[in-house]
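Read through the structure below, which is laid out as structure tokens, and then see the notes.
All of these numbers come straight from a predicted model, not from anything done at the bench. Only heavy atoms go into these numbers, but all of them, side chains included; no hydrogens, no water, no symmetry mates. Letters A, B, ... mirror the listed sequences (proteins, then strands); counts begin at 1.
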Amino acid sequence: MTRAQLHRPQVPQPVGADDRGCPILHVDMDAFYASVSLLEHPDLVGQPVIVGGAAGRGVVLSATYEARALGVHSAMPMSRARRLAPHAHVVAPDFRRYSEASAGVMALFSSLTPLVEPLSLDEAFLDVRGAQRRLGSPRAIARLIRDRVHDEQGITCSVGVAATKFVAKLASTLSKPDGLLVVPPDRVVEFLHPLPVSALWGVGDKTAEQLTRLGLRTVGDIAATPPRTLARVLGDATGRQLADLAWGRDPRRVVSTATDRSIGAEETFASDVDDAAVVTRELLRLSEKVAARMRARGYVGRTVSLKVRFADFTTLTRSRTLADPTDVAREVYAAARRLYDGLHLQRARVRLVGVRMSGLRDEETAPRQLLLDEEGPGWRDAEQAVDRLAARFGAHIVRPARLLDPPDG
Amino acid sequence: MKIRVEQEEFAEAVAWAARTLPSRPTTPVLTGVRLSGDGDAIQLAAFDLEVSAKADVPAVIDEPGTAVVNGRLLAEIAKALPAQPVELGLEGNRVSVRCGRSTFGLPTMAVEDYPALPELPPHAGQVSASDFAAAVAQVAIAASRDDTLPVLTGIRVELTATSMRMAATDRYRLAVRDIPWQPAAGGEHFALVKARQLHELGRSLGHADAVQIALGEGDDGRIGFGLGDRELVTRLLAGDFPRYEQLLPSESHTVATVATAALTEAAKRVKLVAAERTTPIRLQFSDGEVLLRAGAYDDANASESLECEMSGDPIEIAFNPDYLLDGLTAVGTDQTTLSFTTANKPAVLSPAGDDTSYQYLLMPVRLSN
């Protein structure tokens, strides 16, 4: 069974009413290039349209579902597509419009959650764990995305909602076009097992053939096979991976590292400042802000950079790499403060200061060097408690004493 | 001033004193070494306002005198001279250095500008020089090099009735060593000394058999080290060293003994695939074998196993490879004993057998799933 055949669901769709524990969304635009191209050619809507090199050579970039019904699919040679669909309209690709539409869609995703992992121009994983208080359940967020993509870009998309990336992606594929499918954790096995083995990540034609020779046709067949047997046939890595996937186990997290190389904040003073106390107070505020953003996105970072711009616009940057990655404002500030003190400024007039963290990594998966005296709650716990209060009562509910406004009089 | 000394002794003494010269002197006179000839010796002194060093060299003093000259230059000249008697003299505002057929003239700095060197504090007792050098090397390795927390750049020295204990920690590891101590008088004494200074001293004990220790506690506390004809006095670090005794585990669930060299070599090989200096190396102890692994499933990786003597529960634990290698180097015996409680609690490296005089506590790296 090929990937294209997956488009038609073969199992009764588990209508997941319960979307708790499924914070991963896979959003995939429907026939992206073709849909965007049709915006320029409204007369062709509802007809078989192929997007690709028009000169009779090259490959199919995308095709409308009407063309796909005739057997056309992307990456197929143009000549073959034309034989299959002789009456289809062929439209030349317009990459500028595709990137515009893609940028619009990705900006929408980023406005909903910081954890966005784009896979290509037209699909992305989203982790909406942190957005539920603001935007509602994952299902509600998926609906919101579908409505807004349609309103803003004039195209449709399909969304799969699940606890893992693998299942979310399968769900979006099976709900296409213009669909939404939620697979709650307790329905994953029943959802997966009837699917053909080619549904599993990493199973291409070759592996599928090997599996078929063993009599393994469905995901359920694989789940019932001892992992050791799979490992013998397919090798250690693939064998283990398939056994895991067949039971819906997929530990990969949504990582937005591709977009976040650093997190920083800077402030231009209303008027130039030559008072070191005012500058360091601002550094503290910026450190608090940067660390809170890192914690919100699940990052720790190792390199702290300080930026100072003077009244004459000359700009200095200094950075320091810490022994251990951190997301604690107190540690960010300590490093920024040392960098600032190291400049030995003598009442220089400062226009702007900035604090930036780079060398970011995922807090949950980053190995952490433990400390001998690590016992009881530390600053990190205190700052996390502040994060929770800020989420409930607003950003500045708890601040370091130095950042409180001076009392009147 | 008219003084005769042997080149080799003179060169050694100048070089030893010159180690203390500040790299960034606050006043020009601190780049100088003070020469004072009196009685039957010439004394070379250097001072960076924190550490002072004095070295005496037997000499024939035809005419006593004192002069201050550029220390590094004098050290280089003394080292380059032929192995013959050296004659030092003062001619106007120059010190002359004559040896064989070479003559040097060095401009002098004002003797009255040279700061007074601190007095040697009261004598506290003595230790064997070789014990002292070994202990300092074993402990200094665990001291912090980061000035953010100054107390952690120090070595805690504890003097009791029979033993001298040194301890240092950078919060990732803790090294503690006990050596025999002969006190001059009763009482317990504590001091916190910059690890870098002790380490330097430990490497330049020369021919001394014993190290005399002098200690003045209090706000302006200093510690002095006497090596026969050499003497070093340094200011103590202020601040409270962490209460480390409570960190030393009282029990262990797994004890393994391995050949130190074999484990060191294996760890060095396996760490080659570590993406960063801090990428952890995993050690899995089970069935009389330790399996070392590093790297990632989907990236470069390495593993190596070696035999070990083992009792207790199997354990898998991860360390910063450099910290592990530091500990294996510091233990210094053919066999190293590693004791563990759990994967997130400190491991202890110590010499195999009943020797409890050295412990290197190492905090593991927590791995996520």
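- With a 4.5 Å cut-off on non-hydrogen atoms, Arg173(B) touches chain A through its backbone but not through its side chain.
- Scanning all heavy atoms of the two residues, the minimum distance from Leu247(B) to Leu372(A) falls at CD2-O, 3.3 Å.
- Inspection of non-hydrogen atoms places Arg338(A) of residues 328-344 of chain A under 4.5 Å from chain B.
- Heavy atoms of Thr279(B) lying under 4.5 Å from chain A are absent altogether.
- Going from atom CZ of Arg171(B) over to atom CG of Leu370(A) covers 12.0 Å, rounded to the nearest 0.5 Å.
- For Arg196(B), the CZ atom is loosely surrounded, since the number of other residues' heavy atoms within 6.0 Å does not exceed 12.
- Counting all heavy atoms, side chain and backbone alike, Gln369(A) lies closest to Val365(B) at OE1-CG2, 3.4 Å.
- Contacts of Asn344(B) with chain A are made by both backbone and side-chain atoms, with heavy-atom separations under 4.5 Å.
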| Which is it for Tyr244(B) and Asp373(A) under the side chain to side chain donor-acceptor pair (under 3.5 Å) test, yes or no, and what are the steps along the way? | CA-CA 9 Å; Tyr244(B) 65 89; Asp373(A) 51 351; over 6 Å; no
